[in-house]
2 protein chains.
Amino acid sequence: MTLTDLRYLVALARERHFGHAAERCNVSQPTLSVAIKKLEEELAVTLFERSAADVKITDIGARIVAQAEKVLLEAGQIKELATAGRDPLSGPLKLGVIYTIGPYLLPHLIPRVHAAAPSMPLLIQENYTARLAESLKRGDLDVIVVALPFEEPGIVTQAVYDEPFRVLLPAGHGWESEERIPASRLAEAPLLLLGAGNCFRDQVLEACPLCRPGEGLQRTLEGSSLETIRHMVATGAGITVLPSTAADALPGGNSLLTVRPFTTPEPFRRVALAWRVTYPRSGAIDVIRAAILDSPLAGVKPVGSPGRLG
Amino acid sequence: MTLTDLRYLVALARERHFGHAAERCNVSQPTLSVAIKKLEEELAVTLFERSAADVKITDIGARIVAQAEKVLLEAGQIKELATAGRDPLSGPLKLGVIYTIGPYLLPHLIPRVHAAAPSMPLLIQENYTARLAESLKRGDLDVIVVALPFEEPGIVTQAVYDEPFRVLLPAGHGWESEERIPASRLAEAPLLLLGAGNCFRDQVLEACPLCRPGEGLQRTLEGSSLETIRHMVATGAGITVLPSTAADALPGGNSLLTVRPFTTPEPFRRVALAWRVTYPRSGAIDVIRAAILDSPLAGVKPVGSPGRLG
DNA sequence: CCCATGTATAGTTAAAGCCTATCGCCATCG
DNA sequence: CGATGGCGATAGGCTTTAACTATACATGGG
């Protein structure tokens, strides 16, 4: 029993004439005749009473035809589902973002994605890089926004923008007079850092090789956020390093805080999109990337498409 | 897209492993692999994300699988319908009976059929032979009970029993002293007959060649019934001829009426079943025939199966 | 009794469905 | 870092099937 057989069956039930039904199905009369016969044999019931005068459907035949129509209807729904789902911009996209990007990117990103792809709602999760990577591989997420380096088997990564780091000082700090701060001097200060697991912490430490967590006056804030650290800096608990998108987007005229760039070469992090190589909705990823680049992110430099990294 | 494809699809969605899904479908892994690929091409959507680690179903894939399951479920219902409908004794049987048999046969027939085939309700229609024949050919009836001769193209007829005719006299009639009445004498009497269209009328006239409707004292009762005629005989309006099943089943001890057989050779009519040659539920017909023969019909002689007439 | 109509059958061909064998990819492990 | 093993994709060949054309067969009507 195939869907074709059922189509023949329904056509014959409608036409009550093998020739006409065959014509309607664009097949020859013997084709339809044989198909119906086979179907009757398979089901071991007589579906039609044939006679020279006309074709009559049996009682059981009528019931089976009704059911066959239901089957064909449901099968047709599959095609419709496929047509509707063919657009990569239709259906929800599960997006993951690391903690140190989410708060500064998402307010810009979300409305832009919604404008570009209204029927693609974003399901957003913020987490550490490692957790996001896991979810991505499991399929709980479709795309993630992370900082490089990020390499996972089966995952492709595409750099989107670089963002420089900034030094955040409490108002009145001695370094306020400096235009730019050399990274090496961070070792001198009480540096507030995020806890382990935040990639940004590692990147700051990498930018300032002399800083060693646990040594000197640096303090690590486990399970905290850049926002918390910023408030601590404002209270004079120390200084910190922020990505430009977090530092430059300070509420205008915050007199308690001062932002200073690093001396060149500025330390920076490269932010990238990542997804499974097998992920089929590349169009959706393009929309995300475009929306990120369209966002007014302070201090960032877009990384051209040639800069795609594997 | 075939039902087989959908089965593969559902299996793969369940197993998330081409090899295992193939095994469950009793096909080789390449077979399933190719089938899924073709399905994806046909629908122009990616249903699964394949990777070395595992197989993930896409969002749209999951929706299509759900729909495919619905299709397969409905298709399975067809088989169940067929199985249920395979029994010829299941489902209603549309039975037609001529007016001059129905009242005497059906009270016996119906309970017997119900006992033999409880799931085969009888839908009964009483009418003239010509009307029954028309309905039978149209398919509005499945089987009819008529008196022979009855020949129609595409219709097979099987004799079931012969029933002799009887003379019905009002009590006190001059012929009451006779044990048997010769058919020829009917011409002498005021003979009450059914109207044209009732085959029994023609059979009586055939049995009594000297009787001519409209001549002598015979009266024709258009649109009437044997019961009405019987009551008229009881009031002395004339005499009549009845089939034995109608005559001998008189309410016991009806002192107003007298029944007399004809002299041999008794005139009789042959009652038969008829159905379309194409009618598939021969088992149902057998039940009807058996139920008729099992009925206590006064005076009838069963016609052996060899007596089947074309 | 032949003809018209309609379905079933025969015979053939093209396609499809399936199998075995093998490739290629990737992740894991010694 | 190369070997290994699991897994899906691909290739080639075979069998089945579904389609066609031509024709036989059945039946009701002129």
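In what follows, chains are A, B, ... by sequence order, proteins preceding strands, each numbered from 1.
Closest approach of B:Glu152 and B:Phe150 over heavy atoms only: CG-CZ, 3.7 Å.
Contacts classified as ring pair (Phe, Tyr, Trp, His ring centres under 6.0 Å) and involving residues 79-102 of chain A (residues at least two apart or in different chains) are given here: A:Tyr99-A:Tyr128. Counting only residues at least two apart or in different chains, salt bridge (Lys or Arg N to Asp or Glu O under 4.0 Å) contacts with residues 70-82 of chain B comprise A:Glu42-B:Lys79.
Regarding A:Glu23, its CD atom lies at a distance of 16 Å from the C1' atom of C:dT7, rounded to whole Å. With rounding to whole Å, B:Leu47 atom CG is found 12 Å from D:dA9 atom P. Atom pair A:Phe48:CZ and C:dA8:P shows a separation of 11 Å (rounding to whole Å applied). Following rounding to the nearest Å, A:Glu49 (CD) and C:dT7 (P) show an atom-to-atom distance of 14 Å. Between B:Phe18 atom CZ and C:dC23 atom P the separation is 21 Å, expressed in whole Å. Nucleotide C:dA16 holds its P atom 11 Å from the CD atom of B:Glu42, rounded to whole Å. Per the geometry, CG belonging to B:Leu3 stands 15 Å off C1' belonging to C:dG17, to the nearest Å. One interatomic measurement links the two molecules: NZ of A:Lys56 to P of C:dG6, which rounds to 14 Å at whole-angstrom precision.
Phosphate contact (OP1/OP2 of D:dT10, side-chain N/O of B:Lys37, threshold under 4.0 Å): present. A close approach under 4.0 Å does not occur between any side-chain nitrogen or oxygen of A:Arg50 and OP1 or OP2 of C:dG6. Contact check, B:His17 against D:dG6: no side-chain N or O comes under 4.0 Å of OP1 or OP2.
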* Which nucleotides of nucleotides 12-26 of chain D have their base under 4.0 Å from a protein heavy atom (B), which only their sugar-phosphate (S), and which neither (-), written as one string 5' to 3'? -> ------SSBBB----

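A:Arg14 and A:Glu69 are joined by a salt bridge, as a carboxylate oxygen and a charged side-chain nitrogen come within less than 4.0 angstrom of each other.
Side chain of B:Arg276 to backbone of A:Ser51: no donor-acceptor contact under 3.5 angstrom is found. Judged purely by atom type and a 3.5 angstrom limit, B:Arg289 uses its side chain to pair as donor or acceptor with the backbone of B:Ala159. With B:Ser119 contributing its side chain and B:Leu89 its backbone, the two residues share a donor-acceptor pair below 3.5 Å.
Where B:Pro153 and B:Ser51 meet DNA chain D, the nucleotide closest to each residue was compared, and B:Ser51 sits on the side nearer the 5' end.
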